[in-house]
Amino acid sequence: MFDALYISATGMQAQQLNVDTIANNLANVNTTGFKKGKVAFADLMVQQTLAQPAADEFGLLADRRLGAGVGISSVAKLFDMGDLKRTDSAWDVAIEGEGFIEVSMPDGSSAFTRGGTFKVNKDGVLATQGGFPLKANIAVPDTAQNMQIDKDGRVRVQVAGQANPVEVGQLDLVRFTAAGALQAQGDGLYRATVDSGEAIAGKASEDGMGSLAQGFLEGSNVKLSEEMVSLMIAQRVYEANVKVMQASDEMLGMINGLRK
């Protein structure tokens, strides 16, 4: 009965984190490029216990294996593609398919984004809205009047006084063997981890890489109906664990109330 109290407590803690994850998904249902989180559960270490020698007299097993409850094995990001929303802005870029755009961080490391609204930072290079330059280091001239990003990543600008667009850089993509293990940094940025593996570079629209879609933004991949169903299930499972804890407490109360 004491084990049942602790086991039900692990169930309640696990479902609380599940509800927190669902709440974060629902809060970001309209966030551009947001990828929903999913909690993965795992049973805790199985304990092997030996019953008292007199247990056989009552027909009980002398050797029992008991579970210790439930734990969280991971909270992973699901990189299913969200719906593309047309904006017709030259600064909005989405990735149609697999891939990430590499971004240079102030500490010299790399982060990765699924696209978004870009801008020219104070150094004159293409950057995220947060001001972090793209790893491709694409310089946009001050005299540029228009920017065009092709599906294969070629970046061209129309410069005053020239009839044809000028190519200013190449925007390549990267991918990961286990993208779900990337660590979210906020602002649509992710960092590589040991579990995600190293970034694998490639050209857009080639070798399974996605293509770039200028004038589009990728919406959140959160499905409102799915999250509401998951929330109801989590609530019921939490309630069931509370019932187990209450039942164990009542049984212990009965034992304490025994009289010789």
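Predicted model only: the values in this text are computed from it and were never measured.
Note on Leu171 and Val166: same hydrophobic cluster, where clusters join Ile, Leu, Val, Met, Phe, Trp and Tyr whose side-chain heavy atoms are under 4.5 Å apart, directly or indirectly. At a threshold of 4.5 Å between side-chain heavy atoms, the hydrophobic network of Ile, Leu, Val, Met, Phe, Trp and Tyr places Val244 and Met12 in two separate groups. When the side chains of ILVMFWY residues are joined at heavy-atom separations under 4.5 Å, either directly or via intervening members, Ile95 and Leu134 end up in a single hydrophobic cluster. Hydrophobic clustering (side-chain heavy atoms under 4.5 Å, transitive across Ile, Leu, Val, Met, Phe, Trp, Tyr) groups Trp91 together with Ile101. One hydrophobic cluster holds both Val103 and Val120 under the rule that ILVMFWY side chains link at heavy-atom gaps under 4.5 Å.
Under the salt bridge (charged side-chain N to carboxylate O under 4.0 Å, His left out) criterion, Asp249 pairs with no residue at all, not counting sequence neighbours. Residues satisfying the side-chain hydrogen bond (donor to acceptor under 3.5 Å, both in side chains) criterion with Gln145, sequence neighbours excluded, are absent altogether. Applying the side-chain hydrogen bond (donor to acceptor under 3.5 Å, both in side chains) criterion to Gln170, with sequence neighbours excluded, gives Asp172. Residues meeting the salt bridge (charged side-chain N to carboxylate O under 4.0 Å, His left out) test with Asp88, sequence neighbours left out: Arg86. Among residues two or more places apart in sequence or in another chain, the ring-ring contact (aromatic ring centres under 6.0 Å, His included) test is passed with Phe79 by Phe100, Tyr190.
Shown here for Ala234 and Val19, the closest heavy-atom pair between the two residues is CB-CG2, 3.8 Å. Of all the heavy atoms in Met209 and Ala201, the pair that sits closest is CE-C, 4.0 Å. Heavy atoms only, all atoms of each residue included: Val125 and Pro133 are closest at CG2-CB, 3.8 Å. Closest approach of Gly188 and Thr113 over heavy atoms only: O-OG1, 3.3 Å. The two atoms that bring Arg156 and Pro165 nearest to each other are CB-CB, 4.0 Å, heavy atoms only. Taking each heavy atom of Ala90 and Asn146 in turn, the nearest pair found is CB-OD1, 4.3 Å.
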Show the numbers, then the answer: is there a salt bridge (charged side-chain N to carboxylate O under 4.0 Å, His left out) between Asp80 and Lys36? CA-CA 9 Å; Asp80 302 334; Lys36 68 179 182 180; 5.4 Å; no
Could you walk me through whether Gln185 and Asp187 satisfy the side-chain hydrogen bond (donor to acceptor under 3.5 Å, both in side chains) test, starting with their C-alpha distance in whole Å, then the side-chain angles of each, then the deciding distance to 0.1 Å, before giving a yes or no? CA-CA 7 Å; Gln185 298 295 301; Asp187 199 22; over 6 Å; no
For the pair Leu173 and Phe112, evaluate side chain to side chain contact (heavy atoms under 4.5 Å, CB included) and give the outcome as yes or no after the intermediate values. CA-CA 9 Å; Leu173 301 180; Phe112 307 90; over 6 Å; no
Dump the intermediate steps for side chain to side chain contact (heavy atoms under 4.5 Å, CB included) on Leu189 and Met105, then the final yes or no. CA-CA 10 Å; Leu189 298 175; Met105 303 302 288; 4.2 Å; yes
Starting from the C-alpha separation in whole Å, work towards a yes-or-no answer on side chain to side chain contact (heavy atoms under 4.5 Å, CB included) for Glu206 and Asp152. CA-CA 8 Å; Glu206 294 183 4; Asp152 61 0; 6.0 Å; no
Trace of the side chain to side chain contact (heavy atoms under 4.5 Å, CB included) decision for Asp150 with Leu212: CA-CA 7 Å; Asp150 297 336; Leu212 296 173; over 6 Å; no
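Screening residues 232-245 for side-chain hydrogen bond (donor to acceptor under 3.5 Å, both in side chains), with sequence neighbours left out, gives Arg236-Glu239. Pairs engaging residues 101-110 under the salt bridge (charged side-chain N to carboxylate O under 4.0 Å, His left out) rule: Asp107-Arg191 [sequence neighbours left out]. Residue pairs satisfying the side-chain hydrogen bond (donor to acceptor under 3.5 Å, both in side chains) criterion with at least one member in residues 114-130, sequence neighbours excluded, are listed as follows: Asp92-Thr117, Arg114-Glu218.
The CG atom of Leu126 sits 15.5 Å away from the NZ atom of Lys135 when rounded to the nearest 0.5 Å. Summarising the geometry, atom CD belonging to Glu227 is positioned 9.5 Å from atom OG1 belonging to Thr21; distances are rounded to the nearest 0.5 Å. The CG atom of Leu252 sits 6.5 Å away from the CG atom of Asn256 when rounded to the nearest 0.5 Å. Interatomic distance, Leu5 CG to Ser248 OG, rounded to the nearest 0.5 Å: 4.5 Å. The distance from the CD1 atom of Ile7 to the CE atom of Met245 is 10.5 Å, given to the nearest 0.5 Å.
Under a 3.5 Å cut-off, the side chain of Gln214 and the backbone N or O of Ile149 do form a donor-acceptor pair. Judged by distance alone, the side chain of Lys77 and the main-chain N or O of Gln183 form no donor-acceptor pair under 3.5 Å. Asn221 places a side-chain N or O within donor-acceptor distance of the main-chain N or O of Leu78, the cut-off being under 3.5 Å. A side-chain donor-acceptor contact under 3.5 Å links Ser205 to the backbone of Lys151. Formation of a donor-acceptor pair under 3.5 Å by the Thr193 side chain with backbone atoms of Ala181 is found in this model.
When the shell of 6.0 Å around CG of Asp20 is examined, it contains more than 12 heavy atoms from other residues, nucleotides or ligands.
Val70 forms part of a hydrophobic cluster together with Leu17, Val39, Phe41, Ile72, Val75, judged by ILVMFWY side-chain heavy-atom separations under 4.5 Å. Clustering of Ile, Leu, Val, Met, Phe, Trp and Tyr by side-chain heavy atoms under 4.5 Å joins Met81 with Leu84, Phe216. Taking Ile, Leu, Val, Met, Phe, Trp and Tyr as members and joining any whose side-chain heavy atoms lie under 4.5 Å apart, directly or through other members, the hydrophobic cluster of Val222 also contains Val29, Phe34. Through chains of ILVMFWY side-chain contacts below 4.5 Å, Val229 is grouped with Met232, Ile233, Val237.
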